[in-house]
Amino acid sequence: MNFEIEKAYEAKKYENDIYKKWEESGSFKASIDPKKEPYVISMPPPNATGTLHLGHAVMVALEDIMIRRARMQGKSALWIPGTDHAAIATQSVVEKKLQEQGIEKPREELGREKLLEEIRTFVEDSKDTIRNQIRKMGASCDWESEKYTLDEDLNLAVKTFFKYMFEDDLIYHGGRIVNWDPKMQTTVADDEIEYEEEKSKFYYFQYGPVVIGTARPETKFLDKVIVVHPEDDRYKDIIGKEFEMEWIDGPIKAKVIADECVDMKLGTGAMTITPAHSLVDFELAQKYDLEIEQIIDFDGKIREKVSEEFGGMHISEARDKIVEKLEKKGLVVKIDHEYIHNISVSYRGKGIIEPQVMKQWFIDVNKKAIDWKGKKMSIKEVMQDVVKSKMINIVPSRFEKTYFHWIDNLRDWCISRQIWWGHQIPMWYKVTKEQYEKFHEKKDRTSLILNILKIDGEAKFSEEKPEGDYWIQDPDTLDTWFSASLWTFSTLGWPEHTEKLEYFHPTEVLETGYDILFFWVARMILASTYCLRHDGLPEEKCIPFKNVYLHGLIRDRHGKKMSKSRPETCIDPLDMIDKYGTDALRLSLVIGSTPGNDMSLFEEKIAGYRNFINKIWNASRFALMNIDEEDLKKEFTPDMIKSHADKWVLTELQNLITEVDQDLEKFRFSDAGNKIYEFIWNQYCDWYLEISKGELKNPAVLLHVLKTILKLIHPFVPFVTEQLWSYINSETMLINEEWPQYDKSLTFEQESQEMKLIQELIGEIRSARSESGVEPAKKINATIYAGKFTETIQKNKDSISRLARIGELTISEKGEKLEKAKAIFIDQVEIYLPLSDMIDPAKEKVRIQKEIENKEKFIKGIEGKLSNKGFTDNAPKEVIEGEQKKLEEAKSTIAKLTEQLKSLSD
RNA sequence: GGGUGCUUAGCUCAGUUGGUUAGAGCGCCUGGUUUACACCCAGGAGGUCGGGGGUUCGACUCCCUCAGCACCCACCA
């Protein structure tokens with residue numbers, strides 16, 4: 001080689017240029033080619049807020065490994081990048097920013113259009129940031145296919161999805177109980193609620209014939225139903241009866257019903273229900289067709305209509321006053337002051353959630369509306385079927401259980417949100433002139449207004465404003481997951497049946513964190529199966545992906561969550577890239593992680609992989625220094641490679657290829673990476689390059705091994721390998737090279753065994769000298785009795801001498817034992833070295849005898865297993881053969897050990 | 001309350017359907033600049049695999065049980 005390669009790899013110098021080279025060459029693009037197998041990954045769209053964090057980094061690293069390998073395997077590998085508008089998250093980030101700038105109530109002060117404009121500007125900025133950061137990670141995604149959930153064509157997909165469902169009566173407008181945040185004036189998704197423990201009072205009131213317990217007296221004005229357990233002896237006699245009694249604002253009537261949902265042991269075993277402000281109560285009310293009346297308004301005050309005395313009063317104030325009044329009436333039985341319960345708090349706004357019944361849009365998950373495998377099935381059933389029938393495979397499989405459990409408890413999906421950022425619901429209401437004007441007076445236009453204005457008449461689906469006057473569009477927007485659920489196929493052109501959709505869908509694998517299995521993964525399954533089946537595609541084309549791979553969360557060194565509030569625990573991927581290079585970061589995120597399990601990351605780990613990157617660099621540099629320029633350009637045929645020595649390394653390499661392939665097929669990224677790491681460092685560098693020093697004149701093998709290694713590890717560490725490849729061949733790029741194939745003709749058992757023997761031999765000599773206390777630098781003379789391996793040892797005499805620091809190596813016939821020698825037994829080779837200490841032959845004998853005993857037991861066990869009919873009849877062939885193989889191996893080992901024992905006795 | 005996962009070397013973790021002497025990286029100790037690499041090389045110490053019980057010729061692995069930690073879901077009228 002006649003050019004210089006730098007002594008240490010400095011990632012920063014190369015990475016940007018390499019990425020540019022890839023991108024400009026068009027290597028990231030995938031073509032529609034019927035001869036090729038498609039391989040698609042839709043990148044989980046990062047939120048279009050903020051910046052890339054370690055979670056994204058893991059995602060990019062893993063997906064890039066899959067895509068690069070698939071591309072090298074000759075598949076049409078398409079990786080679609082994109083971003084998500086992240087409705088609530090984005091809007092609240094921007095609102096906060098505006099508030100910092102002095103705009104107290106952004107919605108009221110700016111109005112809808114202006115606020116949306118602010119958000120749009122913000123999003124454009126951060127989209128750019130994210131794009132660049134994904135590039136920094138080395139992602140080989142097709143930027144021309146990039147999508148954003150608010151793109152025109154994706155909007156159309158969203159509307160079509162809505163339309164389909166609306167027409168199928170799967171989307172309905174219903175008065176349902178929702179989590180209302182009075183502070184933020186919006187509903188909040190179940191997933192966005194946190195529970196906080198709180199100590200409060202628990203009241204016992206005389207309520208007609210029973211005593212009821214409650215923590216919320218302020219909701220109890222209009223309770224008219226007492227519920228008890230049907231088998232509760234205390235109340236058996238009163239079930240079904242109606243009573244008249246004194247209550248907060250005078251006498252009321254209440255009846256008693258029985259339902260099993262009541263816990264007899266809790267409180268007094270009797271309760272009253274408040275359907276409008278409690279989920280459980282609401283469901284009971286629906287079950288028994290009870291009246292539902294709002295007690296608390298949207299600001300958290302008692303409604304005027306409910307009580308003359310307390311109307312308009314905030315609940316926090318009303319509670320004590322109500323109790324006081326009841327006390328005067330002698331209805332308070334007891335107050336428990338030490339009651340601990342959970343209150344629901346909005347994750348973002350920190351407001352205390354008040355359940356409210358409001359008109360919202362829902363997706364019915366139980367209606368049987370999908371033609372699936374010859375039956376009409378509900379959304380729920382289809383979602384179960386695709387996983388149960390293994391059309392979709394979840395890794396790790398234990399999440400299937402979680403998935404099923406989630407579906408079993410799935411309620412209708414509330415898809416409307418009272419925010420503005422997102423897809424506005426394509427439903428229109430015909431209203432009166434008066435309502436129309438009132439509606440437009442208000443700047444804060446969410447469905448709250450509809451509720452207040454009591455607009456709940458006929459709604460009409462329409463993509464555009466319908467003909468005629470006084471139409472108002474539902475001011476709410478769709479849940480962000482509604483559009484995200486279409487991600488795999490809306491990004492391929494749906495609702496149009498494009499060639500792309502036809503060829504690339506379903507995608508190969510969805511790779512994401514386990515924390516969004518429910519939010520997103522499950523909903524993608526829902527949307528994809530529904531929409532595409534609706535279009536008449538065959539079932540197997542309707543799933544969004546064939547595999548789901550769930551990675552764990554990244555934690556700090558002590559397994560704690562990295563959190564922004566404790567910056568010292570946070571690792572910024574970009575800092576790490578700057579310091580150690582992208583390749584090092586990628587490896588540190590991939591190796592040592594197992595699917596579905598969280599992983600700790602800390603800087604030393606990344607530094608460790610940086611060292612490995614440098615090792616690859618230097619090993620390649622060294623190899624290249626030993627290959628002539630012209631040899632570099634030569635094409636060596638397999639036969640030419642075979643004819644050379646060093647067959648052992650070829651064998652090991654073939655084994656590596658097989659194992660790496662198996663691991664990657666099964667998503668064992670860490671194992672695959674580790675094996676390549678181990679091979680490069682311990683086999684290739686520490687043995688192959690070391691043992692060949694001095695006689696390293698074998699360009700065919702050297703180059704073959706180097707190229708293969710670079711290919712194998714390229715998906716993991718694309719930058720350094722691409723740079724090195726450019727020194728081998730400046731015309732081509734590694735990214736487009738062919739993935740190594742297992743080639744049996746390049747495996748040589750005999751040579752491989754011999755090399756293992758020599759490795760072991762040198763290792764033994766080294767440790768023997770270390771134990772003996774001989775100065776490490778001092779060369780010693782040694783005699784080896786090699787028996788039938790004499791030839792092998794002879795062949796490698798120089799290497800052995802050099803690596804084991806032997807001055808003079810005598811290879812001798814058996815029978816010339818040296819005095820005061822240390823004996824080492826390796827397989828059938830006996831080495832006698834003139835060192836001071838001797839191994840105690842008696843101890844050695846005991847050790848070998850013990851080992852023989854163990855072996856015999858082992859053999860007995862396997863023989864027992866093989867004679868067991870239950871086993872032989874049921875176990876697959878391979879397993880039985882494997883057992884037999886083990887048996888034979890064990891027997892031959894015993895024979896060897898026995899021989900050793902004999903020679904020791906001599 | 002229901003569920004899941006984890007507990008293996010000082011630290012972070014592997015351990016693929018039970019199999020022979022339980023592995024890696026970092027850290028630590030000893031020694032070494034040998035035709036790439038000190039971001040290196042050679043060697044070493046360190047583990048009764050959370051406790052207890054069971055199944056088995058054989059258990060880190062399977063079953064039961066207890067303890068600790070983490071997370072998810074539901075929810076207390």
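In what follows, chains carry the letters A, B, and so on, assigned in the order in which the sequence lines appear, proteins first and then strands, with residues in each chain numbered from 1.
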Does D671(A) use its side chain to pair, donor to acceptor, with the backbone of D663(A) at less than 3.5 Å? no
Residue that, paired with D281(A), satisfies side chain to side chain contact (heavy atoms under 4.5 Å, CB included) out of V227(A), I273(A), I177(A), I292(A): I273(A)
List the residues meeting ring pair (Phe, Tyr, Trp, His ring centres under 6.0 Å) with F202(A), not counting sequence neighbours, and say none if there are none. Y204(A), Y339(A)
Using ring-ring contact (aromatic ring centres under 6.0 Å, His included) as the criterion, point out the one residue from Y14(A), F612(A), F622(A), F719(A) that pairs with W617(A). Y14(A)
Can you work out whether W687(A) or S620(A) has the more 5'-proximal nearest nucleotide on RNA chain B? S620(A)
For E10(A) and C39(B), give me the distance from atom CD to atom C1', rounded to whole Å. 11 Å
What nucleic acid atoms does R216(A) come within less than 4.0 Å of, heavy atoms only: base, sugar-phosphate, or nothing? nothing
Determine the contact category for L553(A): base if any of its heavy atoms lies under 4.0 Å from a base atom, sugar-phosphate if only primed atoms, P, OP1 or OP2 are that close, otherwise nothing. nothing
From the list L656(A), N674(A), V660(A), I713(A), side chain to side chain contact (heavy atoms under 4.5 Å, CB included) with F679(A) holds only for L656(A)
Hey, does V227(A) reach any base, or is it just sugar-phosphate, or nothing, if we go heavy atoms under 4.0 Å? nothing
Select one nucleotide: of U16(B), C39(B), A36(B), the one nearest the side-chain heavy atoms of N611(A). C39(B)
Would you call D578(A) and K12(A) a side-chain contact if the rule is heavy atoms closer than 4.5 Å? yes
Once you apply a heavy-atom cut-off of 4.0 Å, does D686(A) come out as touching a base, just sugar-phosphate, or nothing? sugar-phosphate
When we call it a touch if two heavy atoms are under 4.0 Å apart, what does K401(A) touch: a base, just sugar-phosphate, or nothing? sugar-phosphate
Decide side chain to side chain donor-acceptor pair (under 3.5 Å) for D223(A) and Y207(A); before the verdict, give the C-alpha distance in whole Å, the side-chain angles of both, and the deciding distance to 0.1 Å. CA-CA 10 Å; D223(A) 286 8; Y207(A) 190 80; 5.7 Å; no
Under 4.0 angstrom, heavy atoms only, what part of the nucleic acid is G213(A) near: base, sugar-phosphate, or nothing? sugar-phosphate
Quick one: F612(A) CZ to A24(B) C1', roughly how many Å, whole number? 13 Å
Got a donor-acceptor pair under 3.5 Å from the side chain of R802(A) to the base of U34(B)? no
Write down the distance between CG (N614(A)) and P (C40(B)), rounded to a whole number of angstrom. 7 Å
Please verify the inter-ring angle class for F205(A) with W247(A); under 30° counts as parallel, over 60° as perpendicular, anything in between as tilted. perpendicular
A42(B) base / E690(A) side chain donor-acceptor hit below 3.5 Å: no
Indicate yes or no for a side-chain donor-acceptor contact from R586(A) to the backbone of F716(A) under 3.5 Å, with no hydrogens or angles considered. yes
Search all heavy atoms of T268(A) against all heavy atoms of G213(A) and return the closest pair with its distance. OG1-N, 4.3 Å
Looking only at N and O atoms, is any donor in the side chain of K615(A) or the base of C39(B) less than 3.5 Å from an acceptor on the other one? no
Provide, to the nearest angstrom, the distance between the CG atom belonging to N682(A) and the C1' atom belonging to A24(B). 10 Å
Using a 3.5 Å limit on both pairing distances, list the dot-bracket string of RNA chain B from the 5' end; Watson-Crick and G-U wobble pairs count, crossing pairs take [ ], interstrand pairs take |. (((((((..((((.....[...)))).(((((.......))))).....(((((..]....))))))))))))....
From the options C75(B), C73(B), A36(B), select the nucleotide whose nearest atom is closest to the side chain of L279(A). C75(B)
Is the shortest side-chain N/O distance from W681(A) to OP1 or OP2 of C41(B) below 4.0 Å? yes
Could you go through nucleotides 5-13 of chain B and list every protein N or O atom that sits under 3.5 Å from one of its N or O atoms, giving the distance for each pair?
from	atom 1	to	atom 2	distance (Å)
U12(B)	O3'	S600(A)	OG	3.0
C13(B)	OP1	S600(A)	OG	3.0

Need one value for A215(A): base, sugar-phosphate or nothing, where a base atom within 4.0 Å counts as base even if backbone is also close, heavy atoms only. sugar-phosphate
